[in-house]
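As the structure lists them, so they are numbered: ligands from 1, and atoms in each ligand from 1. In this text the structure is predicted, and so the values were computed from the model without any measurement.
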Amino acid sequence: MSAFKEPVVIHRGLDNVYVEESKICYIDGEASRLFYRGYSIEDLAEHSTFEETAYLLIYGWLPTTSQLEDFKRQIEAHRPLEPEILQLIRSFPYHSDPMDALRTAVSALGLYDPQPMPNDMEARVDKGLSILAKIPTLITAFERLRNRKEPVSPKSGLSHAADFLYMLTGKEADSYDVHVMEVALILHAEHEMNASTFACTVTASTLADMYSIITSGIGTLRGPLHGGANEAALKTVMEVGNVANAESYVVEALAQKKRIMGFGHRVYKTWDPRYLILKKLGEELAVKKGQTKLFDTAVAIEMSTLKHLEGTTIFPNVDSYSGVVFHMLGIQTDLFTPIFAMSRVAGWTAHAIEYLYANRLIRPKALYIGKTGLPYLPMQLRTGRAEE
Ligand code: ACO
């Protein structure tokens, strides 16, 4: 018998539950619109940089020239890793998943901060910025070490996107590749109260430190229903292999009630506007890199999925082409989710700061449907199963 006397509504998955008021991001999931601090994602993707977008999300306004320069200087100053952190990354097993490596390394950054705990606004901004700056260095250090190469130190004067690609390969990347990475980072920087941002907000609500907050976000982003979908989507495109196989793959997958990765969204019930931007970039990149077969296969999967799911609200999301785009940039598949984290840390930080203005511990309830009042059994009377 339930211990509850009144009817209780369970919001499984917290669908349509509002947990705070926010000025950071607005999604109109019916009209395919996305705004960061009031600016459309299309304008930001076309005109902004990742640094400027991160500034906008964290501070709330588009920076002036001097504000942006100062912000970039701070990021640059925070990019290098403490020798102890590098030593720690060297000790990671090479077969580790880069998301596990990143989660562990970000958590460890807190150990080397002499004052990780202050929780005022200023500390949340400073520490969030420092973590944001270091994530590309952490990802690339692990990537190089597991490939038996020495990490490459950050290079002064490069943008966040350019420096990431530089530290990955040891060579400055082609300007078009930098542009594509820049846009991808802008598109992934923020997305309202998604699962990882909610995880960060829950941790922030306990007045924990920024290292714990961001580590919570990374752990949550890792799953295939969230950040991990981009890897899964690319794997699907690779497995399908060519345009001719797409239709049978989709028919079979849907018949087996499998989810087509990169499709569907809790909030968008039409096109994800980020998908449209990435698809266009992907098309240009495919021609430039001579990888049209991969891109065309992704398009064929998209077309078949849309045909067979016509009449539903399942449309392509950002992950349907992000994996294909990252792959064409020469990036290892298991780095896609870490790259997502490298970008989303801007949004996580913005939410951790905003939540502090009216902090309230997040503590929902679970409806207990188990038994109460069971007699405590001595060992010889136990059945080794749950009581019926
Ligand atoms: N392929 C096939 N069917 C799907 C898909 C899909 N990608 N997504 C949802 N459906 C179906 C479900 O099977 C379900 O059908 P049913 O009612 O017959 O059981 C129905 O649509 C509703 O599905 P829900 O899981 O309730 O919808 P929800 O709003 O929770 O879905 C989610 C959101 C988890 C993203 C889902 O669409 C999914 O699993 N997609 C694939 C993974 C993915 O691409 N994730 C990335 C999301 S974007 C991001 O995190 C950056």
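Within the 4.5 Å cutoff, no side-chain heavy atoms of Glu192 are placed close to those of Tyr26.
Any N or O atom pair closer than 3.5 Å counts here, and Leu309 shares no such pair with ligand 1. When only interatomic distances are considered, the shortest N/O to N/O separation between Phe340 and ligand 1 does not fall below 3.5 Å. Polar contact check, Lys257 against ligand 1: no nitrogen or oxygen pair lies under 3.5 Å apart.
Protein non-hydrogen atoms do reach within 4.0 Å of atom 3 (N) of ligand 1.
Classified by interplanar angle (parallel below 30°, tilted 30° to 60°, perpendicular above 60°), the ring pair Trp271/Tyr275 is parallel. Classification of the Tyr321-Phe295 ring pair by plane angle, with boundaries at 30° and 60°, yields tilted.
The distance from ligand 1 to the heavy atoms of Gly264 drops below 4.0 Å at these ligand atoms: 35 (C), 37 (O). When each atom of ligand 1 is checked for a heavy atom of Ala229 under 4.0 Å away, the hits are 43 (C), 44 (O), 45 (N), 46 (C).
With hydrogens left out, the protein atom closest to atom 11 (C) of ligand 1 is Ile314 CD1, 3.5 Å, a heavy atom. From the protein, the heavy atom lying nearest to atom 47 (C) of ligand 1 is Asn317 ND2, 3.6 Å. Regarding atom 51 (C) of ligand 1, its nearest protein heavy-atom neighbour is Asp319 OD2, 3.4 Å.
The neighbour count for Lys293 NZ, taken as heavy atoms of other residues, nucleotides or ligands under 6.0 Å away, does not exceed 12.
In this comparison of Phe263, Tyr268, Tyr275, Phe315, the heavy atom closest to atom 40 (N) of ligand 1 sits on Phe263. Here the shortest heavy-atom distance to atom 36 (C) of ligand 1, taken over Arg259, Met261, Lys258, belongs to Arg259.
Nearest heavy-atom pair across Gly60 and Arg37 is CA-NE, 3.3 Å. Residues Ala350 and Leu57 approach most closely at CB-O, 3.2 Å, considering heavy atoms.
The proximity of His191 to ligand 1, defined as any non-hydrogen pair under 4.0 Å, does not occur for either the backbone or the side chain.
Salt bridge absent: Glu52 and Lys72 never bring a charged side-chain N and a carboxylate O closer than 4.0 Å.
At a cut-off of 3.5 Å, with distance as the only test, no side-chain donor of Gln291 or Lys289 sits close to an acceptor on the other residue.
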